[in-house]
Amino acid sequence: MQAPPLLTDRSALIRNRLRASDTFLRDIAQEECLDRLSLVNREFTKPLIIGPIADILTGAEHIDDTDTLAISNADYDLVLHFMSLHWANDPVGQIIQSTRALRPDGLFQAVCLGGQTLNELRTSLAQAESEVAGGLSPRIAPMGEIRDLGALLQRAGLALPVADSITVRTSYDSAFHLMRDLRRFGETNALNDRLKRPTRRAVFDRCAEIYATNFAEDGKIIATYEFIFLSGWAPSADQPKPLRPGSATARLADALKTTENPLGD
């Protein structure tokens with residue numbers, strides 16, 4: 001069977017990350033992750049960080065988000081996949097490998113950019129390139145929607161799966177200022193099928209015009225960043241499990257001290 005085409009050019013992704021100089025997106029993701037971990041009534045003693053950034057948790061081990069993760073053992077009580085699933089060639093494979101690195105009842109947590117991210121730029125670039133160049137080329141990664149990413153937790157065999165998101169809207173003077181910041185964030189185009197030759201300046205000029213016309217407030221353009229958070233637990237015999245249907249020993253009406261009124265046919 002032929003392998004599916006790769007989404008991401010790994011060498012381009014590494015190059016983009018190495019020239020990153022602004023931690024704006026990382027800081028939001030880190031603060032939200034730490035806040036969620038603070039709500040878990042447990043002290044994690046052996047955490048693992050997966051992704052381009054190592055210094056998220058004190059004392060944590062770190063590995064890169066390569067297609068095959070360099071996991072040396074399966075005894076971590078926390079695995080945090082940080083800001084890289086949206087570039088993964090095989091997101092469910094990444095989660096499955098992360099799950100296998102956990103000890104029973106260990107916690108998997110991930111944060112990545114979601115499908116609403118840069119929807120304004122995606123729309124403006126597509127229209128501009130179609131008008132100016134007569135076609136489209138891949139420019140922004142097809143980031144997952146929260147429902148699809150949440151379903152991957154169950155496919156990976158994680159228990160008690162949870163997926164939620166936050167949306168951050170920022171303003172810029174122009175589309176050019178936004179694209180400059182994306183370069184500073186290390187989040188510019190690393191798609192394997194991206195255009196390999198320079199794009200005509202007219203495409204970007206037209207993109208800026210469309211953006212300013214359709215996605216501006218108070219004289220500034222708006223850019224959306226969606227952060228999706230995933231969590232689940234490695235299966236363990238000690239975890240709570242849902243009751244079998246029909247196994248209840250008391251009626252809900254009795255617990256609520258109310259009268260049960262059966263529905264008619």
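If you read the sequence from its start, that first residue is 1, and numbering goes on from there.
Linking Ile, Leu, Val, Met, Phe, Trp and Tyr residues whenever their side-chain heavy atoms come within less than 4.5 Å places Met143 and Leu125 in a single cluster. With hydrophobic clusters built from ILVMFWY side chains whose heavy atoms lie under 4.5 angstrom apart, Tyr225 shares a cluster with Leu121. No single ILVMFWY cluster, assembled from side-chain heavy atoms under 4.5 Å apart, contains both Ile228 and Ile28. No path of Ile, Leu, Val, Met, Phe, Trp and Tyr side chains, each step under 4.5 Å between heavy atoms, connects Leu102 with Phe44, placing them in separate hydrophobic clusters. Transitive grouping of hydrophobic side chains (ILVMFWY, heavy atoms separated by less than 4.5 Å) keeps Phe82 and Ile146 in distinct clusters.
Side-chain contact check for Thr66 and Asp64: no donor-acceptor pair (N or O, by modelled atom type) lies under 3.5 Å. Residues Gln94 and His81 have side chains that bring a donor and an acceptor to within less than 3.5 angstrom of each other. Under the 3.5 Å distance criterion, with hydrogens and angles disregarded, no donor-acceptor pair is assigned to the side chains of Thr167 and Gln116. Side chains of Asp77 and Thr45: a donor on one and an acceptor on the other come within 3.5 Å. For the residue pair Glu61 and Tyr76, a side-chain donor N or O sits within less than 3.5 Å of a side-chain acceptor on the partner.
Put simply, the side chain of Ile71 reaches to within 4.5 Å of the side chain of Ile63, judged on heavy atoms. Contact check for Phe176 versus Phe204: side-chain heavy atoms found under the 4.5 Å cut-off. By the 4.5 Å heavy-atom criterion applied to side chains, Ser11 and Ile14 are not counted as neighbours. When side chains are defined from C-beta on, Gln30 does not count as touching Thr23, because their heavy atoms never get closer than 4.5 Å. Inter-residue side-chain proximity for Ser137 and Thr199 is flagged as unmet; no heavy-atom pair is nearer than 4.5 Å. The shortest side-chain heavy-atom distance between Arg169 and Glu217 falls under the 4.5 Å cut-off. A heavy-atom distance below 4.5 Å is not found between the side chains of Ile221 and Phe215. Residues Leu136 and Ser130 have side chains in contact (heavy-atom distance under 4.5 Å, counting atoms from C-beta outward).
A salt bridge links Arg139 with Glu129; the closest basic N to acidic carboxylate O contact falls under 4.0 Å. Of the charged side-chain nitrogens involved, at least one lies within less than 4.0 Å of a carboxylate oxygen, so that Asp164 and Arg36 count as a salt-bridged pair. Between Arg15 and Asp9, no side-chain nitrogen of the basic residue sits less than 4.0 Å from a carboxylate oxygen of the acidic one, so the salt-bridge criterion is not met.
Of the possible donor and acceptor atoms, one in the side chain of Asn214 sits under 3.5 Å from a partner among the backbone N and O of Ile210. Between the side chain of Asp22 and the backbone N or O of Arg184 there is no donor-acceptor pair closer than 3.5 Å. In terms of modelled atom types and a separation under 3.5 Å, the side chain of Arg103 and the main chain of Asp75 share a donor-acceptor contact. Panel note: side chain Thr123, backbone Asn119; a donor-acceptor pair is recorded below 3.5 Å. A donor-acceptor pair under 3.5 Å links the side-chain atoms of Thr117 to the main chain of Glu226, judged by distance alone. No donor-acceptor pair under 3.5 Å is formed between the side chain of Arg183 and the backbone N or O of Arg19. No side-chain donor-acceptor contact under 3.5 Å links Asp105 to the backbone of Ser236. The closest donor-acceptor contact from the side chain of Thr8 to the backbone of Trp87 lies under 3.5 Å.
Nearest approach of Leu153 to Val162, heavy atoms of both residues: CD1-O, 3.5 Å. Considering all non-hydrogen atoms of both residues, Val79 and Ala101 come closest at CG2-CB, 4.2 Å. The minimum heavy-atom distance between Ile49 and Ala60, with the atom names listed, is CG1-CB, 3.7 Å. Considering every non-hydrogen atom in both His62 and Ile53, the closest pair reads CD2-O, 3.5 Å. Of all the heavy atoms in Cys207 and Ala128, the pair that sits closest is N-CB, 3.4 Å. Across every non-hydrogen atom of Ser84 and Pro52, the tightest pair is CB-CD, 4.0 Å.
The structure places NE2 of His177 at 10.5 Å from CE of Met179, a figure rounded to the nearest 0.5 Å. For the atom pair OG of Ser231 and CG of Leu37, the computed distance is 9.0 Å after rounding to the nearest 0.5 Å. Residue Asp90 holds its CG atom at 11.0 Å from CG of Leu7, rounded to the nearest 0.5 Å. Rounding to the nearest 0.5 angstrom, the gap separating the CD1 atom in Ile50 from the CD1 atom in Ile56 is 12.5 Å. Considering CG of Leu78 and CG of Leu107, their distance stands at 5.5 Å, rounded to 0.5 Å. Note that CD1 of Ile166 and CZ of Phe227 are 6.0 Å apart. Values are rounded to the nearest 0.5 Å.
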Exercise for review: Carefully, step by step, assess Asn189 and Leu182 under the rule side chain to side chain contact (heavy atoms under 4.5 Å, CB included).
Suggested key: CA-CA 9 Å; Asn189 193 354; Leu182 292 177; over 6 Å; no
Check your understanding: Run the side chain to side chain contact (heavy atoms under 4.5 Å, CB included) check on Leu85 and Leu149 step by step: do they pass?
Key -> CA-CA 10 Å; Leu85 272 180; Leu149 291 172; 5.5 Å; no
Practice item. List the steps and the verdict of side chain to side chain contact (heavy atoms under 4.5 Å, CB included) for Leu195 and Arg197. Key: CA-CA 6 Å; Leu195 196 67; Arg197 63 179 184 275; 3.5 Å; yes
Exercise for review: Take Asp55 and Arg26 through the salt bridge (charged side-chain N to carboxylate O under 4.0 Å, His left out) test and state the conclusion after the steps.
Suggested key: CA-CA 11 Å; Asp55 57 339; Arg26 168 209 166 152; 2.8 Å; yes
Exercise for review: Dump the intermediate steps for side chain to side chain contact (heavy atoms under 4.5 Å, CB included) on Asp67 and Arg10, then the final yes or no.
Suggested key: CA-CA 9 Å; Asp67 288 344; Arg10 181 76 185 173; over 6 Å; no
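Residues Phe24 and Phe185 place their aromatic rings such that the two centres sit under 6.0 Å apart.
Residue Arg100 places its CZ atom among 12 or fewer non-hydrogen atoms of other residues, nucleotides or ligands, all under 6.0 Å distant. Within a 6.0 Å sphere centred on CZ of Arg155, other residues, nucleotides and ligands contribute 12 heavy atoms or fewer.
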